[in-house]
Amino acid sequence: VRLPSFNLIDNGKLYMQLEAHLQKPEYADVRKCIARYGAIELNDEPNFPVGMKRICEHFQKMDRKYHGHDLFLVIMDRIRHQSSKGDTLEQLDVHHEQKTRVHTLMRDIKKELPKTYLHIPDNLQFRVGKDRIEFKHWPQRLVELSYFTVKVNPNLMWNEGDTFRANDERDDSYLLRIFCGFDADRATLSDSRKECMLHLHSRKSGRLIHTDADARTKLHLPASGSDYSQGLTVIMDDFKGKLPLNPTKQGVAFAEERRGDVHEENLYQIVGALVHFYYNTHLKKFKGKTQLMQQVCKFGDWANDRHRQVKSSQESDLTSYRVKLKKAMRRIRVDSAEVSEGEDTLRLVVRTSSREKKRKTPTTSNAAAERSNAESNLLTTKRRRRAPPGSLKESETSYEEEEMEEMQVPRRKAAKKAPSNSGAQEEKDDDRKETITIKKSVYEELIREKEELRTKCDDAEKLFAPIVERNRKLKAKNTELNEENKQLKAKINKLSKK
C-alpha cells in the first residue's frame with residue numbers, strides 16, 4: 001500500500017496547496033480516491049471538489065484542536081466491519097446499519113489497540129473518536145509483572161554435541177525480553193481460559209502478531225490439569241526484530257531460515273525454562289495451586305479499576321530477573337537467578353521489610369537437596385511499598401531462617417529378625433507412625449505433590465472405569481460360558497455311556 005505525503009501550511013489556502021500537489025500524474029489514483037470520498041450519498045457521482053473540501057475541513061479541525069508537528073488523522077469511509085462478504089453497496093449504506101457498524105468498529109479498536117502495541121510512550125496522544133487511548137493494558141491487569149532478558153542463538157543447538165550451550169555468549173545470538181505475570185481479570189472470569197497464554201510481539205511489524213491460548217505444550221511444560229494456569233500470561237518481546245515472520249506478519253516462519261528448526265527449539269526451550277522458574281517461584285509461596293488461584297483472583301477489582309494510576313510498560317519500573325541456565329534431562333532449566341524488585345510491580349505477597357536481604361545458601365552436604373533448592377536461592381532487593389488490599393504478608397524470618405514442620409510418616413521397617421515369642425508385638429510396632437521434622441518448604445512441596453498425585457489417581461480411575469467395568473462383564477460372561485461348557489460335557493458323558 002502506497003501512502004503519499006504532502007507538506008501543507010494552514011494559511012487559509014489549503015485547498016490550493018493540496019490541489020497543486022495532486023496535479024502530478026503519479027497522484028491520479030489519489031485524485032480518484034478523493035473524488036469517491038466526495039460522493040456523500042450512495043447514488044452520488046464522484047465529486048473531487050466536495051472530497052477536497054471535506055479533507056481540508058478535517059485538517060483544519062485537527063490543527064485547531066491539537067498542537068504540535070507530529071500529528072496524523074485516520075479517516076475511515078464506507079465501513080464494512082462485521083458485514084457479510086455478499087453485502088451490496090446499497091446494503092452497506094443503510095444509514096442505521098452503517099451507524100451501528102461504525103460504533104462497533106470504534107469500540108473494538110479502543111479495546112484491541114492497548115494490547116496490540118507494547119512500547120507506546122505516554123507522551124504519544126492516541127485518540128479514537130474523542131476518547132484518548134492509554135497503552136497500559138498489561139500493567140493494569142497483570143499481578144507480579146516481571147521480565148527476563150536472555151540471549152537466544154538461532155544457529156547452534158542448545159545441546160549440540162552433548163555440550164550445554166544455552167549460556168554461551170556468541171556474536172550471532174540476539175537479545176529477547178520475556179514478560180511474565182498472572183492475569184487477574186482472566187482469572188476471575190468464569191468463561192475464560194486460565195491456561196498459560198503466550199503473546200508474541202515483533203519489532204518488525206511493531207505489534208502483536210500471534211497469540212497461543214494454551215502454550216504449555218509449545219513451551220515444553222506439563223499440560224495436564226491446572227499446572228501452569230491461574231491466568232499465567234507470557235509476553236515474548238522480540239525488540240531486536242530477529243524472529244522470521246510470514247508474509248502476512250501474523251506468525252513466525254522458522255522454515256524461512258536455513259536452521260529454522262534449531263532456532264525454534266532454542267527459543268521455546270529457553271522461554272519454557274523461564275516460565276517454569278517464574279511459575280514455581282510464586283507457587284512456593286502458597287500451599288498449592290488452589291490458594292495461588294484464590295490470591296490472584298483477589299486482584300480482579302484492581303485489574304478493572306480504570307481510575308487507578310498505572311504507568312505504561314515503557315515507563316514502568318518492573319521486577320527483573322537475571323538467570324543462569326542449566327541442563328535438566330532433556331530440558332533447559334534455571335540454575336540460579338538474581339531478582340531486582342520493581343516499584344511498579346503489583347505483588348501477590350508483600351513482605352514487611354524494606355531492607356536488603358539474601359536467602360541463605362543451603363548448608364546441607366546432600367547434593368540432591370542443594371539442587372532442589374537451587375531455584376529458590378535468590379539475591380533479592382526489596383523496596384518499601386504500600387500493600388494492596390487482599391495481599392498476603394510474608395514475615396521477615398522467612399528469608400533468614402526457614403521454618404520447620406512436623407510430619408507423621410509410616411515407621412521405617414527394621415531388618416527381619418529370627419522369630420520369637422514377641423514377634424506379633426514387633427510387627428504391630430512396625431506398622432505405627434513416627435514423627436519427623438523437616439523444612440516447611442519441603443513439607444509444603446511434599447503435600448503439594450501428594451495432592452497432585454491424588455488428583456492424577458482420580459483422573460486415572462475415571463479414565464479406566466469403563467475399561468474395568470467392561471472387564472468385569474467379560475469375566476462374568478466367561479464364568480457363564482465355563483458353566484455351560486461343564487453342563488454340556490456332562491450331557492455328552494451321559495450320552496456316551498448309554
Side-chain angles (χ1 to χ4, degrees), residues 1 3 70-76 79-83 101-143 145-147 175-187 189 192-193 195-215 218-219 231-253 267 271 275 303-306 308 310-316 318 344 346:
V1 177
L3 294 176
D70 302 322
L71 301 173
F72 67 92
L73 179 70
V74 179
I75 305 169
M76 294 180 290
I79 304 298
R80 299 185 67 99
H81 186 60
Q82 292 186 345
S83 62
R101 202 174 288 122
V102 170
H103 175 76
T104 305
L105 175 62
M106 301 291 269
R107 182 197 63 200
D108 292 347
I109 289 176
K110 284 188 283 188
K111 179 182 177 181
E112 295 298 323
L113 270 178
K115 65 180 179 182
T116 301
Y117 297 94
L118 194 60
H119 299 298
I120 303 297
D122 290 339
N123 59 3
L124 175 64
Q125 293 195 25
F126 200 104
R127 295 179 182 271
V128 176
K130 296 181 179 179
D131 298 327
R132 181 176 177 180
I133 304 300
E134 294 186 333
F135 294 86
K136 303 175 181 179
H137 179 80
W138 296 119
Q140 180 84 31
R141 294 166 63 111
L142 297 186
V143 186
L145 178 56
S146 311
Y147 72 91
L175 289 173
L176 183 73
R177 188 182 294 118
I178 306 296
F179 293 90
C180 295
F182 294 94
D183 192 337
D185 188 63
R186 184 157 61 94
L189 296 176
S192 66
R193 301 185 63 171
E195 297 86 356
C196 174
M197 186 174 286
L198 174 65
H199 303 278
L200 174 57
H201 288 256
S202 172
R203 185 181 177 183
K204 277 187 179 179
S205 63
R207 58 175 172 80
L208 173 68
I209 63 169
H210 185 70
T211 295
D212 280 300
D214 186 356
K218 177 178 283 189
L219 299 178
L232 180 61
T233 302
V234 182
I235 303 169
M236 192 187 303
D237 180 19
D238 177 28
F239 65 97
K240 293 293 184 179
K242 296 295 184 179
L243 291 179
L245 304 183
N246 60 27
T248 62
K249 305 293 190 295
Q250 297 296 326
V252 184
L267 175 69
V271 175
V275 176
N304 292 293
D305 183 7
R306 302 306 174 194
R308 182 164 60 94
V310 180
K311 298 178 183 177
S312 65
S313 300
Q314 184 82 359
E315 307 294 334
S316 296
L318 302 176
D344 299 321
L346 189 62

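- At least one donor-acceptor pair closer than 3.5 Å links the side chain of S192 to the backbone N or O of R186.
- For the atom pair CG (L118) and CZ (R207), the distance works out to 13.5 Å, reported to the nearest 0.5 Å.
- Closest of all the heavy-atom pairs between S312 and P139 is C-CG, 4.1 Å.
- Applying the side-chain contact (heavy atoms from CB on, under 4.5 Å) criterion to P114, with sequence neighbours excluded, gives I133, H137.
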Report task. Go through the steps to decide whether I235 and W138 satisfy the test side chain to side chain contact (heavy atoms under 4.5 Å, CB included), and finish with yes or no. Result -> CA-CA 9 Å; I235 303 169; W138 296 119; 3.5 Å; yes
Requested in this report: Go through the steps to decide whether L267 and L243 satisfy the test side chain to side chain contact (heavy atoms under 4.5 Å, CB included), and finish with yes or no.
Outcome: CA-CA 10 Å; L267 175 69; L243 291 179; 3.9 Å; yes
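- Rounded to the nearest 0.5 angstrom, I109 CD1 and R107 CZ are separated by 11.5 Å.
- For the pair L142/F179, no side-chain contact is recorded, criterion being any heavy-atom separation below 4.5 Å from C-beta on.
- Between M236 and V271, the closest heavy-atom pair is CE-CG2, 4.1 Å.
- Counting only residues at least two apart or in different chains, salt bridge (charged side-chain N to carboxylate O under 4.0 Å, His left out) contacts with residues 110-120 comprise K110-D131, E112-K115.
- Of all heavy-atom pairs between D185 and R141, the closest is OD2-NH1, 3.3 Å.
- The heavy-atom pair separating F239 from L176 by the smallest distance is CE2-C, 3.9 Å.
- Taking the salt bridge (Lys or Arg N to Asp or Glu O under 4.0 Å) definition, one finds that D238 meets it with nothing, sequence neighbours left out.
- For R193, the side-chain contact (heavy atoms from CB on, under 4.5 Å) partners at least two apart in sequence or on another chain are E195, A213, D214.
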Query raised in the report: Should D237 and Y147 be marked as a side chain to side chain contact (heavy atoms under 4.5 Å, CB included) after you check the CA-CA gap, both sets of side-chain angles, and the distance that decides it?
Result: CA-CA 10 Å; D237 180 19; Y147 72 91; over 6 Å; no
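- Distance check: L145 CG to S316 OG gives 7.0 Å after rounding to the nearest 0.5 Å.
- For V310 against K136, the heavy-atom pair with the smallest separation is O-NZ, 2.8 Å.
- Residue R177 qualifies as enclosed at atom CZ: its count of foreign heavy atoms under 6.0 Å is above 12.
- When the side chain to side chain donor-acceptor pair (under 3.5 Å) test is applied to T116, no partner is found at least two apart in sequence or on another chain.
- Rounded to the nearest 0.5 angstrom, L208 CG and K249 NZ are separated by 15.0 Å.
- Interatomic distance, SG of C196 versus CG of L219, reported as 5.5 Å (0.5 Å rounding).
- Considering every non-hydrogen atom in both F126 and L113, the closest pair reads CE2-CD1, 3.4 Å.
- The distance from the CG atom of L198 to the NZ atom of K218 is 6.5 Å, given to the nearest 0.5 Å.
- By the salt bridge (Lys or Arg N to Asp or Glu O under 4.0 Å) test, K240 is found to be paired with no residue, residues two or more places apart in sequence or in another chain being considered.
- Under the 30°/60° scheme for interplanar angles, the aromatic rings of Y117 and F135 are found to stand perpendicular.
- With respect to D183, the side chain to side chain contact (heavy atoms under 4.5 Å, CB included) criterion is satisfied by exactly one of T233, L232, L189: T233.
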